[in-house]
Amino acid sequence: MKKVGIDDISIYVPPLYLDYKDFAEARHLDPAKLEHGLGVKQMAITDSDQDPACMAANACLRLLEKNDLKPSDIGRIYLATESSIDESKAMNSYVIGMLEQIYGDGSFSHCGGIECKFACVSGSYAIYDNTNWIRAMENDNKAAIVIVSDVAKYEMGSSGEYTQGAGALAMLIKEDPRIISFDPKVTSTVIRNEYDFYRPFARKTPIVNGQYSNLAYLIQVKKAMMEYERKSLESGLIKLGKDECVLDHIDLIAVHLPYAKMGKNALAYLLRHEWRNLSRWKEIISLIGMDEPKTTDNLGTIESILEDTEFMNKDKEFNKRFMETPHYKREFVNKLESSLIASSIIGNLYTGSLYMGFRSELEYEYKKGRDLAGLRVGFASYGSGASAMVFSGVISDEYKEVVKIMNLENEIGKRRRLSVEEYVHLHKDWRSIDEPIISKHNEFVLIKVGGSREGFREYIYSN
Ligand code: CAA
């Protein structure tokens, strides 16, 4: 089978951020809760002349320019988002319109593509579909671009407000990719009707059941992981030695990151599930000094588990001690830690957070001097509502060509720390489009919404 996967990644992060210390002071929160409890240090915030469509176009233009690609090299542009700006017109059509300001009217008219929606997991479905479009040789020798772009914006004063963020990534999906080739026939999905997080029509912020969403995430990802295990063992992709589990054969992990700490918690949850029946568990339990708690709840629903406060408190304590064991720490440092760096300074990117985590992991593992060629990366993607996807890929021998020039700080660019008052004005849309906090150069910006044509959005490339 053809090797297909991610050849390159470009990012766009808005030039404004809210610092956790300013935010904590304004909301009378202990800053340690944000920094250590959630792993949030800075949250990227969009300016008044920005939206998910222009961030997507900016990430895509950077990808095209960096790789010297012509429109004729590209056959599909997919855009995954949960920050839709129109109920009908797909966001990738806005992106095409912006790109054609640079490449010429009609230059992308041969392309296909859609806007995909399933909360944060939709970017992974878009990548999966485009990978298979190339494997099936439907692509006429062209590559696909998958863009993930979102503004994670929550109700002011809610607990979601400290897990905001914004940005876009554009990923080049092609044959013989320089970064990673996806493993065929092991991608695993689960789905169920959940109301953990949703945004009814016309609402600008979602309705969130925070603690419920955390547990829904963990359970769905674990279920997808179990399906991945079945497929990877049955297909022979992974062969277990004595007393081993599938995670022993995954060298790096990238998980959906609504906030950095969620990644740490997800790794702990998965490891506990995997290790419970292995001989190493006995030693771990003796280090933890307590038995793993079991819920007495018989219903087995997320609500009933959360309502079992005695179990929840004991489990929290057990998990805390588990995360202090050398066994967990070793897995965390080797497989996940570097992926959390970007999240802690950008915040939640919804569809993009998994891929920003992967991008972060590549750069910072490379900077540690670790040879990544041939390593297997496990991806765990979650979208509220709810669906999870677990899949894997192997880092290409040529990865250094791309990764050695990755520099998160440079690619984010110079940013301005917002005052809380400025942030509130932006959050409430009190600042008009033509009065942005920062004037932008060499990027697409929004210049008008509505006017004589209702809902019509106009963008220009600002020189
Ligand atoms: N110092 C250090 N740590 C502290 C602390 C302090 N002073 N105070 C609290 N903490 C710790 C807590 O112990 C807890 O740690 P654990 O994760 O180890 O248990 C952590 O800080 C968070 O504290 P709370 O659980 O009390 O936080 P909260 O209830 O106020 O809010 C949240 C957390 C529910 C995630 C909320 O921010 C939220 O609703 N966010 C939006 C929804 C979300 O992100 N859900 C994630 C799963 S769904 C998903 O992933 C899809 C998506 O993108 C939205």
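Atoms within each ligand, like the ligands themselves, are counted from 1 in listed order. Numbers for residues simply follow the sequence, beginning at 1.
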Q) Hey, are R416 and E422 close enough for a salt bridge, meaning a charged N less than 4.0 Å from a carboxylate O? A) yes
Q. Taking NZ, NE, NH1 and NH2 as the nitrogens, is one of them in R457 or D86 under 4.0 Å from a carboxylate oxygen of the other?
A. no
Q: Nearest heavy atom to atom 12 (C) of ligand 1 wins, so pick from E35, Q220, K316.
A: K316
Q) Should R178 and D7 count as an ion pair when the cut-off is N to O under 4.0 Å? A) yes
Q | Side chain, backbone, both or neither: N319 near ligand 1, heavy atoms under 4.0 Å | A | neither
Q) Is E155 paired with R203 through a side-chain N to carboxylate O contact shorter than 4.0 Å? A) yes
**Q.** Minimum heavy-atom distance between L336 and E361, given as atom pair plus value
**A.** CA-OE2, 3.9 Å
(Q) How far is atom 54 (C) of ligand 1 from the closest protein heavy atom, and which atom is that? (A) Y154 OH, 3.3 Å
Q: For atom 16 (P) of ligand 1, find the nearest protein heavy atom and state the residue, atom name and distance (0.1 Å precision).
A: K261 NZ, 3.6 Å
(Q) Closer than 4.0 Å to some heavy atom of Y162 - which atoms of ligand 1 meet that? (A) 28 (P), 30 (O), 31 (O), 37 (O)
Q: Using only heavy-atom distances, determine whether the side chains of T163 and N348 contain a donor-acceptor pair under 3.5 Å.
A: no
Q. Salt bridge between E363 and R359, side-chain N to carboxylate O under 4.0 Å?
A. yes
Q) Identify the closest protein heavy atom to atom 42 (C) of ligand 1: which residue and atom is it, and at what distance? A) V208 CG1, 3.6 Å
Q. Going by atom types alone, do R272 and N319 pair a side-chain donor with an acceptor below 3.5 Å?
A. yes
Q: Identify the protein heavy atom lying closest to atom 53 (O) of ligand 1, giving its residue, its atom name and the separation to 0.1 Å.
A: H256 NE2, 2.9 Å
**Q.** Protein contact of atom 33 (C) of ligand 1 - nearest heavy atom, named by residue and atom, plus distance
**A.** L38 CD2, 4.0 Å
Q | Nearest-option assignment for atom 38 (C) of ligand 1, heavy atoms, candidates S213, G39, G160 | A | G160
Q: Check ligand 1 against G210 and write out every atom of the ligand that is under 4.0 Å from a heavy-atom position of the residue.
A: 34 (C), 39 (O)
(Q) Under 3.5 Å between any N/O of Q211 and any N/O of ligand 1: does that happen in this structure? (A) yes
Q) Of all the atoms in ligand 1, which lie at a distance below 4.0 Å from a heavy atom belonging to C120? A) 51 (C), 52 (C), 53 (O)
Q: Please confirm whether Y259 comes within less than 3.5 Å of ligand 1 when only nitrogen or oxygen atoms on both sides are compared.
A: no
Q.
Taking the cut-offs as 6.0 angstrom to the six-membered ring centre and 45 degrees off its axis, would you call K329 and F332 a cation-pi pair?
A. no
Q.
I'd like to check which ligand 1 atoms, numbered from 1 as shown, lie under 4.0 Å from a non-hydrogen atom of Y350.
A. 53 (O)
Q: Please lay out, stage by stage, how F379 and S124 fare under the test side-chain contact (heavy atoms from CB on, under 4.5 Å).
A: CA-CA 9 Å; F379 294 84; S124 300; over 6 Å; no
Q) What atoms of ligand 1 come closer than 4.0 angstrom to any heavy atom of N265? A) 17 (O)
**Q.** Nearest option to atom 46 (C) of ligand 1, as decided by whichever heavy atom of N214, D196, T351 sits closest
**A.** N214
Q | Heavy atom of the protein closest to atom 44 (O) of ligand 1 (residue, atom name, distance) | A | P258 CB, 3.5 Å
Q.
Which of the numbered atoms in ligand 1 are under 4.0 angstrom from any heavy atom belonging to A32?
A. 1 (N), 2 (C)
Q) Which atoms of ligand 1 have any heavy atom of T163 under 4.0 Å away? A) 37 (O), 40 (N), 41 (C)
Q | Under 3.5 Å donor-acceptor, Y217 side chain and H256 backbone | A | yes
Q | Between E194 and Y212: side-chain donor-acceptor atoms closer than 3.5 Å | A | yes
Q | Minimum-distance protein heavy atom relative to atom 37 (O) of ligand 1 | A | S159 O, 2.8 Å
Q) Is any side-chain N of the basic residue among E227 and R230 closer than 4.0 Å to the acidic one's carboxylate O? A) yes
Q: Identify the protein heavy atom lying closest to atom 4 (C) of ligand 1, giving its residue, its atom name and the separation to 0.1 Å.
A: K33 CA, 3.8 Å
Q. Can you list the atoms of ligand 1 that are under 4.0 Å from a heavy atom of S384?
A. 48 (S), 49 (C), 51 (C)
